[in-house]
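A short write-up of the structure that comes next.
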Amino acid sequence: MKKFAQTLLFTVVAGAGALAQSGSLNATSQAAAKGESYAAQMAKTVMTIWSDSLTQQSPGRTARWSYDQGVILEGIEGLWRNTADKKYFNYLQKSMDFFVQEDGTIRTYHAGEYNIDHVLCGRNLLTLYKVTGKEKYRKAVNLLRDQLRTHPRTKEGGFWHKEVYPWQMWLDGLYMGQPFYAEYAATFREDTAFNDIAKQFILMERHSRDNKTGLLYHGYDESRQQQWADKVTGRSPNFWARAMGWYGNALVDAIEWFPKDHPKRDSLIGILNRFATAVASVQDKETGLWWDVLDMPKREKNYFEASASSMFVYALAKGVRLGYLPQKFVPVAQKGYKGILNQFVKTENGQVNLHGTVSVSGLGGNPYRDGSFEYYMREKVIVNDPKGVGAFIQAANEIDLLPTLPVGKGKTVLLDNYFNREYNKGANGEPQLFHYVWDEMDNNGLNLFGYVFQKHGVDTQTLATAPTAESLKKVQMYLIVDPDTQKETAKPNYIESKDIDVIYNWVKDGGVLLLFGNDSGNVEFTHFNQLAGRFGIQFNYDSRNRVQGSQYEVGTFEIPAKHEIFKNPKKIYIKEYASQTVKAPARAVFSDKGVVVMSVAKVGKGTVFAVGDPWFYNEYIDGRKLPGELENYKAAEDLVQWAIKQAKK
């Protein structure tokens, strides 16, 4: 039995799981040093011991719809977004398809139980619906949303944890219900729901926060009838670490879906900052870990707990990444992650395992759980508990992003949504913008490309009007993709001479213009070429690499060694693209047998990059379709890094 990083110095190294060598490394640490992340190694364990559901956790028992699985799959989804490796998406889909039937019903789920735990996996279903568009996922999602419509509440409007736990709100329940509720509201434009979501967090903090320490008590009983409830405050007796972990993770995950102008968003960010301050104050100074009962480090039998420590690392790191928390919490997260690797992550028989997770801790029930310190110490601590494993993968995903975040910090990429402005029917039948937009997760969207910018610290914004000097003033990168033809939009917004002048002057001043065209017949060439022509670029009226079915080799290009932009991919895929004719100041940066595929122009302090295809839309970078040797995701990462370096504004 060996521990991870027994004698390692903690640093942040891109793609290496944040450890550097300072002594002998065990096999798993050596893999991490070579670029295999700890998240990926733990996911390998997950996909081995729980190949299709959590059935294997309890052999002989029927697999049940469970929040445990949702925690794991949130980590798996994050790993998919960080790597574009389709095996992670496939695992997520296979796991949910084990339960979701073609008619949208969910095996073993019973809405009438009113258990808020059962809502969590709705987040995984929302992802599947948004990526695949399959109706069965939408129907299943609506079942879970309908539960919340009639779920019992306290007199103040807080969701009960379960119907069998009347009048009670637990910190756990915020994670089970509110991130799903927020993502659903954003997806289906249920804007009024955000007031209700904010209320849940505000009520929970109001009733469970200790004014002296800032820590949150595990539960609150509005009726004051439970044996564990204080007769004055209704609070449970102790600060259980994982309960606070659930609450913090719920905050960072839910706020992400709030409209930026929502009046309660700042209130939630304030709660998160108070939460983070309290969590940092009880971090063990020597190990970086957190105790199972947070405020009793010296008490006999208390112990460091893996799932809570992972959750705190995740909440702090993600909170900083999204700009909700100040940078001072990064060292707290880093130290916590180092402690997790030292204390809990072990390689045994060639498999990476997570030790140190308490299997369960609750309040009330039968046998009765009184919330005392002695009760918490009685619960079993086990290896590879799914809640702990899932929380660890989520934490590792966030830590793996830390090295790239400073690369583009303070910079913005603006996506045109004026020259490309197509509509289709949204989930509720209303018109919605689609086709090469940031928030679209299906094949046609740019959601993952936007995420690549974001994980390099770049803010992604959209411009729905014609560009002006003012709208481009504080923007470093401007992306125009596939301007509309009349067959796509009844009244297209063409690129006019005044727009070209504005864009040209902005580039001269140091901006980076990214032009993603399309092949002949699928892009408005006349006006688009007038813009490109100002920089010496013309898209030709052709369509090259016309791939039939799965003949991916037709669209495959090999990247030459030491390419000036694409350092990491060896092979990329572009089909049905328009070639280019270039003249000074433009030059070809990638050609195929004398045909220009990509070009770059330097004008003043600025730069233009052009390719005759939308190229980095989800279908061709999310890993689900292309063979693994075609590395468009790596190409997207390289282009983003290159564009950031060119920005002089």
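Start at 1 with the first residue, then count along the sequence.
Residues passing the side chain to side chain contact (heavy atoms under 4.5 Å, CB included) test with Thr357 are Arg242, Glu305, Ala306, Ser307, Leu354, Asp385, sequence neighbours excluded. Applying the side chain to side chain contact (heavy atoms under 4.5 Å, CB included) test to Asp253 and every residue at least two apart in sequence or in another chain returns Arg123, Tyr175, Pro179, Tyr314, Lys318. With sequence neighbours excluded, no residue forms a side chain to side chain donor-acceptor pair (under 3.5 Å) with Tyr91. For Asp117, the side chain to side chain contact (heavy atoms under 4.5 Å, CB included) partners are Tyr67, Asn115, His161, Lys162, Met176, not counting sequence neighbours.
Residue pairs meeting the salt bridge (charged side-chain N to carboxylate O under 4.0 Å, His left out) criterion with at least one partner in residues 169-182, sequence neighbours excluded, are absent. For the salt bridge (charged side-chain N to carboxylate O under 4.0 Å, His left out) condition, the pairs that include at least one residue of residues 419-443, sequence neighbours left out, are Arg189-Glu430.
Between Trp160 and Thr154, some side-chain heavy-atom pair lies under the 4.5 Å cut-off. The side-chain heavy atoms of Pro386 and Val71, taken from C-beta on, include no pair separated by under 4.5 Å. Looking only at side-chain heavy atoms (C-beta outward), Tyr620 and Phe449 stay at 4.5 Å or farther from each other. Put simply, the side chain of Thr460 does not reach to within 4.5 Å of the side chain of Leu415, judged on heavy atoms. Taking 4.5 Å as the limit, every side-chain heavy atom of Asn397 sits out of range of all side-chain heavy atoms of Leu401. When side chains are defined from C-beta on, Arg107 counts as touching Phe98, because their heavy atoms get closer than 4.5 Å. Annotation: side chain of Ile106 is not in contact with side chain of His118 (no heavy-atom distance under 4.5 Å).
Around NZ of Lys571, the count of heavy atoms belonging to other residues, nucleotides or ligands within 6.0 Å does not exceed 12.
Note: Tyr109 and Trp65 have perpendicular aromatic rings, judged against thresholds of 30 and 60 degrees for the angle between ring planes. Ring geometry for Phe453 against Trp438 counts as perpendicular: the plane angle is over 60°, on a 0 to 90° scale with 30° as the lower cut.
Trp257 and Phe194 have their aromatic ring centers separated by at least 6.0 angstrom. You'll find the ring centres of Tyr633 and Phe616 outside the 6.0 Å limit.
Of all the heavy atoms in Ala40 and Leu79, the pair that sits closest is CA-CD2, 3.8 Å.
There is a side-chain donor-acceptor pair under 3.5 Å between Asn568 and Asp638.
The side-chain tip of Arg153 points at the ring of Phe159 from less than 6.0 angstrom away and within 45° of straight on.
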- [ ] Just do the side chain to side chain donor-acceptor pair (under 3.5 Å) check on Thr150 and Tyr114 with the steps written out, would you?
- [x] CA-CA 9 Å; Thr150 56; Tyr114 288 117; 2.8 Å; yes
Task: Derivation and outcome, salt bridge (Lys or Arg N to Asp or Glu O under 4.0 Å), residues Lys94 and Asp97 - done: CA-CA 5 Å; Lys94 179 181 179 182; Asp97 283 350; over 6 Å; no
TODO: Would you please test Ser543 and Glu576 for side chain to side chain donor-acceptor pair (under 3.5 Å) and show each step?
DONE: CA-CA 5 Å; Ser543 181; Glu576 298 173 14; 5.1 Å; no
TODO: Let me see the working for Glu553 and Tyr573 under side chain to side chain donor-acceptor pair (under 3.5 Å), right down to the final yes or no.
DONE: CA-CA 8 Å; Glu553 66 278 3; Tyr573 181 81; over 6 Å; no
